[in-house]
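First comes the structure, then the notes that go with it.
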Amino acid sequence: MFIKKSKSDFNIKKINNYYLSGSDSLSGSIKVPGDKSISQRALIISLISTGKTIIEDILDSEDVYHTMQAVTQLGAMLRVHNNYIEVKGVGLGNLVTPKKPIYMGNSGTGTRLLLGLVAGSNALVTFYGDSSLTERPMDRVLLPLKEMGARIMCDDSNKLPITIMGARAKGFTLPIDYKLSIPSAQIKSAILLAALTARGTSFVTEYKKSRNYTEKMLSERGVILKNKKINKSKNIISINGTSFIKPRNIKVPGDPSSAAFLAVAATITKKSSITIENVLHDKFRLGVFNILKKMGASINIVRLEKNTCKIIVKSSKLKNFNIESSNSSALIDEYPILSIAAACSEGIMVMKGLGELRYKESDRFKAIVEGLEKCGVDVKSLKDNIIIKGRKKIKGGCTIDAKNDHRIAMSFNILSLITEEPIFVRGNKSILTSFPGFFKTLQELGVISLTHEKKNI
Ligand code: S3P
């Protein structure tokens with residue numbers, strides 16, 4: 001669609017006009033597309049590998065497409081086949097200075113990781129993005145990267161567009177000892193990628209776990225990287241500078257965050273029973289399913305070969321409980337869809353420690369509170385907490401502006417499956433960044449109320 005065929009094959013006007021209504025039941029078995037975090041890292045790490053990498057089942061979405069374009073501009077040679085792509089890397093330290101600025105679309109992960117990679121190189125690169133990405137904070141990565149010797153040119157907001165000159169253009173990449181005040185896999189990864197070319201060992205201390213695919217992939221490609229667990233939450237990562245990254249083929253498993261939308265859809269609709277196949281089995285990323293289970297959802301996770309699982313979900317009556325802030329890093333991408341589940345459950349849910357939601361593709365904290373309120377749900381916010389009182393009947397009958405945020409768009413479309421009147425989402429196009437087949441998959445699961453002629457409300 002984006003990667004495999006020409007972009008023009010996709011009818012953007014049509015997806016923008018889709019909406020769901022009526023309480024259809026979902027049944028059947030489907031696969032979710034490749035994990036976004038792993039797909040982006042596979043491309044970025046293949047770029048600096050010496051030799052050829054084959055990436056199977058990469059996510060075919062806009063965000064990945066932009067990262068793919070970016071690694072090509074930085075020197076990688078890409079060949080796209082039916083269900084795999086071949087990436088011929090330039091090797092560490094050989095990034096090319098692109099002729100033109102690099103457009104990253106909506107992709108925060110792609111941008112922050114590539115800023116890190118370029119920081120440790122001798123290239124000079126300008127990154128820019130769409131209106132949502134341009135509003136997102138970048139100082140969180142720029143600060144440590146400057147400390148490592150990168151030169152940064154941007155305006156006082158420290159947001160895109162940003163021009164970065166790698167530390168090796170006029171000197172060396174300096175090792176760093178950095179304490180992560182924000183639990184973020186993107187910041188951690190940016191530092192680790194820059195540290196690859198440092199002379200010596202760098203350290204990153206995290207106080208809350210975050211996804212660790214960069215660490216895993218680098219270790220598997222010969223980088224000396226160690227984890228020193230101090231206690232349940234504190235971990236010190238050490239990484240040695242190197243000069244060589246071994247190529248290694250990769251098969252991308254399905255994205256648990258995309259699976260979560262389908263799981264909530266099956267849970268809140270009547271007489272549903274679905275199986276989501278080929279999902280990445282990573283305890284950290286499966287946290288959302290454990291929360292749903294604790295709420296009373298009928299969810300069975302069956303571990304399959306290697307790092308995948310299938311998830312069997314049936315309609316269930318849910319009960320709310322409080323989600324503590326210690327979960328916030330693991331559930332960071334799932335709060336929008338969890339808030340939909342909470343709105344349809346019995347009792348009150350307090351979701352605590354959601355401050356970081358304000359800095360996602362949109363201000364998700366505001367989007368959840370204002371969106372649910374508009375749909376007729378009792379919802380309040382208090383400092384960084386959101387309090388939702390679930391109800392049996394939810395009115396709907398409103399328009400929600402997704403503000404370029406795929407997870408907000410998908411969440412309110414799912415809520416529309418059970419509201420008395422349909423919810424119209426403005427900006428479904430954003431769904432193309434992570435799950436282009438979202439509506440098609442729902443149709444495959446038996447949702448027949450997909451419509452694309454919006455009424456005037
Ligand atoms: C991601 C990390 C998370 C997550 C994002 C993907 C990654 O962001 O929200 O969707 O692939 O590293 P933060 O690092 O800002 O928490």
Side-chain angles (χ1 to χ4, degrees), residues 33-45 58-59 61-64 66-67 70 104-117 129 132-133 135-145 159 178 180-193 204 206-218 237 250 252-253 255-261 280 282 284-285 287-288 325-338 353-365 367-368 384 404-411 430-431 433-435:
D35 186 73
K36 185 150 77 78
S37 295
I38 296 182
S39 296
Q40 312 243 60
R41 284 164 173 80
L43 284 167
I44 292 168
I45 294 173
I58 193 163
L59 168 63
S61 80
E62 265 186 11
D63 272 11
V64 175
H66 290 302
T67 300
M104 294 306 299
N106 193 262
S107 180
T109 303
T111 306
R112 292 188 176 129
L113 269 60
L114 284 172
L115 279 167
L117 195 72
S132 147
L133 189 59
E135 280 309 308
R136 298 186 68 183
M138 292 294 158
D139 40 2
R140 48 183 64 198
V141 285
L142 299 184
L143 232 78
L145 298 180
K159 290 177 179 168
Y178 200 76
L180 285 174
S181 55
I182 305 168
S184 159
Q186 293 178 358
I187 307 176
K188 174 175 67 175
S189 301
I191 299 171
L192 295 176
L193 290 168
V204 182
E206 49 180 1
Y207 299 93
K208 245 186 193 180
K209 194 173 159 47
S210 63
R211 56 195 81 183
N212 60 358
Y213 312 129
T214 306
E215 295 94 299
K216 276 194 178 157
M217 285 189 196
L218 290 177
I237 304 159
I250 178 162
V252 183
D255 196 322
S257 302
S258 298
F261 294 100
L280 166 69
D282 172 355
F284 182 73
R285 296 284 301 286
V288 57
S325 58
S326 51
N327 289 300
S328 64
S329 174
L331 299 175
I332 194 70
D333 289 343
E334 278 68 65
Y335 285 115
I337 191 63
L338 267 178
L354 309 190
E356 263 299 298
L357 283 191
R358 297 193 170 93
Y359 308 107
K360 293 294 167 186
E361 284 83 330
S362 72
D363 178 345
R364 284 187 185 155
F365 191 93
I368 292 172
D384 283 346
N404 258 327
D405 188 330
H406 54 137
R407 300 201 200 279
I408 295 299
M410 287 189 274
S411 297
S430 57
I431 297 172
T433 62
S434 68
F435 194 172

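We count ligands from 1, going down the list as the structure has it; atoms in each ligand are counted the same way. Note that the structure is a prediction, hence the values are computed from the model and not measured.
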(message) Between S184 and R140, is there a side-chain donor-acceptor contact under 3.5 Å, judged purely by atom types and distance?
(response) no
heavy-atom search around atom 6 (C) of ligand 1 in the protein gives T109 OG1, 3.4 Å
Taking every heavy atom of H406 against every heavy atom of I431, the minimum-distance pair comes out as CB-CA, 3.9 Å
**Study point:** D384 vs E356, side-chain contact (heavy atoms from CB on, under 4.5 Å): CA-CA, chis, key distance, verdict
**Key:** CA-CA 9 Å; D384 283 346; E356 263 299 298; over 6 Å; no
4.0 Å heavy-atom contact, K360 with ligand 1
yes
query: Between S184 and ligand 1, is there a nitrogen or oxygen pair with a distance under 3.5 Å?
result: yes
Rounded to the nearest 0.5 Å, the OG atom of S37 sits from the CG atom of D63 at a distance of 10.0 Å
Atom 10 (O) of ligand 1 sits nearest the protein heavy atom D333 OD2, 2.8 Å
- Contact check: R407 vs ligand 1, nitrogen or oxygen atoms, below 3.5 angstrom: no
Which of R211, E361, K36 passes side-chain contact (heavy atoms from CB on, under 4.5 Å) with D333? It is R211
query = Is there side-chain contact between V141 and I187, with at least one heavy-atom pair below 4.5 Å?
reply = yes
For E356 and ligand 1, does the shortest N/O to N/O distance drop below 3.5 Å?
no
- Message: Taking a cutoff of less than 4.0 Å between a non-hydrogen atom of the residue and any ligand atom, is K188 in contact with ligand 1?
- Response: no
* Asked: Is the closest N or O pair between I187 and ligand 1 shorter than 3.5 Å?
  -> no
Do R285 and Y213 meet the cation-pi criteria used here (NZ or CZ under 6.0 Å from the six-membered ring centre, within 45° of the axis)? no
Looking only at protein heavy atoms, what sits closest to atom 1 (C) of ligand 1 is Q186 NE2, 3.6 Å
Here the atoms of ligand 1 under 4.0 Å from any heavy atom belonging to A185 are 12 (O), 14 (O)
Only one of T214, L113, T109 passes side-chain contact (heavy atoms from CB on, under 4.5 Å) with I44, and that residue is L113
One finds that the ligand 1 atoms under 4.0 Å from a non-hydrogen atom of S37 are 6 (C), 7 (C), 11 (O)
Atoms of ligand 1 under 4.0 Å from any heavy atom of I332, numbered from 1 in the order shown, are 9 (O)
task: Would you mind checking if R364 and D405 are paired as a salt bridge, meaning a charged N to carboxylate O distance below 4.0 Å?
output: yes
In this structure, atom 12 (O) of ligand 1 is nearest to the protein heavy atom R41 NH2, 2.6 Å
Note: R211, heavy atoms under 4.0 Å from ligand 1, region reported as side chain
